[in-house]
Amino acid sequence: MPTKNISSETGNAALDLALDTIKIGKQSLVFVNTKRSAEKTAEDISKKVKTENKKLIGLSNDVLKALSRPTKQCERLARCINNGVAFHHAGLVSKQRELIEDNFREGVIKIICATPTLAYGLSLPAFRSILKDLRRYGPRGMAYIPVLEYLQMSGRAGRPEYDKFGESIVVAVSKNEKKKLYEKYILGEPEEINSKLAVEPVLRTYLLSLIAANFVNSRKEIIDFFGKTFWAFQFMDMERLVFIIDKMLSLLEEWEFIMQEKEDFSDADKLNDGKIRATIMGKRVAELYIDPLTAYFFISCLRKGSDKKVNEFSFLQMISHTLEIRPLLRVGVKDRESVQEKLVEFDSFLLEKEPSIYEPEYEDYVNSVKTAFMFYEWIDEKDEEYLLENFNTRPGELRSKMAIADWLLYANSEISRILNFRDLNKEIVKLRFRLKYGVKEELLPLIKIKGIGRVRARKLHYNGIRDIKDVKNVDLGKLIQILGKQVALSVKKQVGQEIKEVPNGKRKGQVSLRKY
DNA sequence: GGACGGTGAAACTTCAGGTTGCCTC
DNA sequence: GAAGTTTCACCGTCC
């Protein structure tokens with residue numbers, strides 16, 4: 001094996017390698033196994049780098065302004081970027097991630113410390129990939145990552161347009177580990193690829209989709225179809241496959257998502273080839289692309305909700321207890337008590353029966369309550385910094401959770417519409433709007449105006465402007481004071497008041513309003 | 001004597017990521 | 001498994 005010596009400045013191999021990359025005028029990606037570690041490593045490297053670059057200062061500023069109020073995470077990132085170093089993980093908002101990626105491509109940022117986010121999807125080649133640790137915490141404690149993932153990460157090194165080759169370096173902590181890593185990753189074969197169809201939620205979803213789309217119309221067609229998939233090829237056991245499909249079909253029928261014209265599926269001996277089709281609900285569930293089990297769970301919750309008192313938390317907890325929203329926030333030692341308090345407080349509003357403490361589902365249940373509570377705080381107008389401090393949810397993760405929650409709420413509004421639960425539907429639609437903007441109910445009228453989000457709406461409300469009527473009546477000068485000139489003008493225009501002359505400076509000038 | 005603050009060791013806690021829907025309240 | 005955080009015992013100082 002060829003060897004190469006790199007000066008040890010810090011006593012930390014990954015840091016030394018990163019600093020060396022800068023010294024030779026190249027760029028590198030440092031892959032680490034946790035978000036915290038990505039941030040720490042980036043910070044450590046940036047402290048050792050001295051750069052004065054106007055572009056970096058501008059970029060650092062942009063990163064800081066990505067949210068309405070910078071979080072600690074934003075500030076930390078901005079400090080690193082000042083020195084041409086960044087961290088990159090799912091906790092960053094997409095705008096920040098794009099800024100980092102683009103500026104790395106342009107060579108402005110020299111080092112990115114990242115979790116495996118960077119290894120997938122986008123192409124961000126560097127001269128050097130530094131893999132700090134190939135172990136990661138998983139369901140069975142610390143374990144070595146798959147060879148496939150190693151290949152993904154090391155494959156980031158070497159950009160054809162600039163370099164003839166690239167370097168991928170794995171850091172080993174001992175001679176023993178070096179040998180182990182060499183055998184497993186350099187000499188080893190990548191793992192087999194497994195069919196995702198074998199996972200029940202996926203099979204349920206596709207089975208219903210195929211029926212709803214009229215792609216298959218009978219049990220025979222279904223079995224023929226799945227018999228030709230990679231799943232069947234890998235499974236090599238048609239009998240078992242047929243058994244699983246039959247089980248799924250009878251579940252889908254029990255949940256009233258599909259109907260069969262003749263006999264029951266459950267009677268395996270008499271399986272016939274009657275026409276299978278989706279019910280109205282089944283068709284919609286398939287279009288919404290949610291797991292039929294989730295849809296069935298929603299339907300039972302909504303039925304329960306139709307004759308009891310509900311509030312925002314009822315729905316938030318319901319959507320937080322689905323496969324789709326996973327991973328849930330975990331209830332830790334410190335917040336167990338406060339989550340229990342919430343459970344007691346909202347007990348009468350919950351749409352699902354609380355499992356017993358001794359049941360294995362209980363852990364998931366409390367986690368769903370904690371997750372729901374985070375959403376609840378968001379619609380109570382708590383900001384990203386608060387959620388980061390109190391739920392350890394970073395802005396990027398918050399946004400992605402919110403997108404899923406929005407989708408699930410939309411699915412619920414559709415389901416409640418089909419079930420003709422008008423009152424529930426109204427509440428869900430309202431909640432969806434609130435969740436999207438993170439506002440209390442009182443701000444909803446203002447949020448409809450383009451250019452008005454949670455912050456500006458709250459400002460307006462605080463100043464006594466509570467709805468469109470108030471916006472129309474308020475003096476333009478005051479509105480400019482609250483919102484700034486550009487936004488104020490746009491807001492006035494939206495409520496049908498075109499402003500021809502704009503008051504100058506701090507003094508109020510003549511304002512001419514043309515009403516439509 | 002007791003309140004207070006500093007210190008370091010021990011105990012404890014936490015840990016990666018991504019696609020789907022619709023356009024409107 | 002390792003790094004970061006919290007807890008706690010211990011000690012010295014000051015009033």
Side-chain angles (χ1 to χ4, degrees), chain A residues 12 14 31-41 43-44 87-92 94 97 113-122 131-146 148-150 152-153 171 173-174 177 196 199 201-202 205-206 208-209 284-292 294-295 319 322-327 329-336 391-394 396-397 399-401 403-417 422 425-437 439 441 443-450:
Chain A
N12 178 321
F31 286 103
V32 296
N33 55 9
T34 65
K35 292 193 275 278
R36 192 161 66 179
S37 171
E39 295 183 17
K40 175 78 160 45
T41 311
E43 198 168 50
D44 289 348
F87 54 84
H88 188 290
H89 54 59
L92 298 182
S94 60
R97 282 195 277 186
C113 301
T115 55
T117 14
L118 266 193
Y120 294 94
L122 69 159
L131 315 185
K132 200 176 164 221
D133 195 349
L134 290 183
R135 288 166 310 170
R136 192 160 48 225
Y137 184 83
R140 273 172 244 95
M142 266 325 219
Y144 282 105
I145 62 166
L148 273 173
E149 275 190 44
Y150 158 78
Q152 275 291 344
M153 293 193 284
V171 177
V173 292
S174 64
E177 201 196 8
K196 284 257 194 306
V199 187
V202 178
T205 308
Y206 280 105
L208 182 57
S209 296
R284 194 68 190 114
V285 167
E287 284 165 0
L288 291 167
Y289 213 73
I290 53 176
D291 181 353
T294 301
I319 60 164
T322 59
L323 285 176
E324 284 84 349
I325 205 116
R326 285 184 186 200
L329 301 191
R330 288 222 317 271
V331 174
V333 182
K334 275 167 286 180
D335 48 9
R336 188 153 296 259
F391 295 91
N392 194 26
T393 306
R394 295 169 173 82
E397 298 159 308
R399 300 260 170 113
S400 73
K401 275 268 176 298
I404 298 168
D406 182 59
W407 160 49
L408 292 177
L409 282 177
Y410 175 73
N412 263 291
S413 74
E414 287 297 288
I415 291 172
S416 62
R417 194 175 51 79
R422 298 225 175 109
N425 181 263
K426 209 176 106 197
E427 289 304 311
I428 293 166
V429 169
K430 198 163 72 189
L431 175 59
R432 195 169 157 230
F433 213 54
R434 285 184 60 190
L435 194 77
K436 187 166 177 187
Y437 292 97
V439 293
E441 193 170 346
L443 294 190
L444 286 181
L446 295 169
I447 283 294
K448 289 174 196 163
I449 305 167
K450 212 177 133 200

Give one of base, sugar-phosphate or nothing for A:Asp133, where a contact means two heavy atoms less than 4.0 Å apart. nothing
Reckon A:Arg284 touches a base, only the sugar-phosphate, or nothing at all at heavy-atom distances under 4.0 Å? sugar-phosphate
Salt-bridge test for A:Glu43 and A:Lys40: reply yes if a basic N is under 4.0 Å from a carboxylate O, no otherwise. no
Taking heavy atoms of chain A and a 4.0 Å limit, find me the 5'-most and 3'-most nucleotide of DNA chain B within that range. B:dT13 to B:dC25
Might you work through the side chain to side chain contact (heavy atoms under 4.5 Å, CB included) test for A:Asp406 and A:Arg432, ending with a clear yes or no? CA-CA 6 Å; A:Asp406 182 59; A:Arg432 195 169 157 230; 2.8 Å; yes
How many angstroms lie between CD1 in A:Ile325 and CG in A:Leu408, if you round to the nearest 0.5 Å? 5.5 Å
Should we count CD of A:Glu441 as having more than 12 external heavy atoms under 6.0 Å? no
Assign each of A:Arg432 and A:Val32 the nucleotide of DNA chain B bearing its closest heavy atom; nearer the 5' end lies the nucleotide of A:Val32
Heavy-atom distance under 4.5 Å between the side chains of A:Glu287 and A:Glu414, does that happen here? no
Name the residue closer to the 5' end of DNA chain B, choosing between A:Ile325 and A:Asp335 according to the nucleotide with the nearest heavy atom. A:Asp335
Just to be sure I understand the rule, does A:Lys35 reach a base, reach only the sugar-phosphate, or reach nothing, if contact means heavy atoms closer than 4.0 Å? sugar-phosphate
Reading DNA chain C in the 5' to 3' direction, which nucleotide is the first one with an atom under 4.0 Å from a heavy atom of chain A, and which is the last? C:dG1 to C:dG4
Sugar-phosphate only, base, or nothing, as touched by A:Arg135 at under 4.0 Å among non-hydrogen atoms: sugar-phosphate
How are the rings of A:Phe433 and A:Tyr437 set to each other: parallel, tilted or perpendicular (split at 30° and 60°)? perpendicular
Are A:Glu39 and A:Arg36 ion-paired here, with the side-chain N under 4.0 Å from a carboxylate O? no
Measuring only the P atom in each nucleotide, how far is B:dA16 from C:dT5? A whole number of Å is fine. 15 Å
When the P atoms of B:dT19 and B:dC23 are considered, how many whole Å apart are they? 22 Å
Going by side-chain contact (heavy atoms from CB on, under 4.5 Å), A:Leu92 matches just one of A:Lys35, A:Arg399, A:Arg97, A:Glu397. Which one? A:Arg97
Please name the pair of heavy atoms, one in A:Tyr289 and one in A:Trp407, separated by the smallest distance, quoted to 0.1 Å. O-CZ2, 3.3 Å
Pairing partner of C:dT6 (Watson-Crick or G-U wobble, both distances under 3.5 Å): B:dA10
For A:Lys426, which contact category applies under a 4.0 Å heavy-atom criterion: base, sugar-phosphate, or nothing? nothing
Determine the contact category for A:Glu287: base if any of its heavy atoms lies under 4.0 Å from a base atom, sugar-phosphate if only primed atoms, P, OP1 or OP2 are that close, otherwise nothing. sugar-phosphate
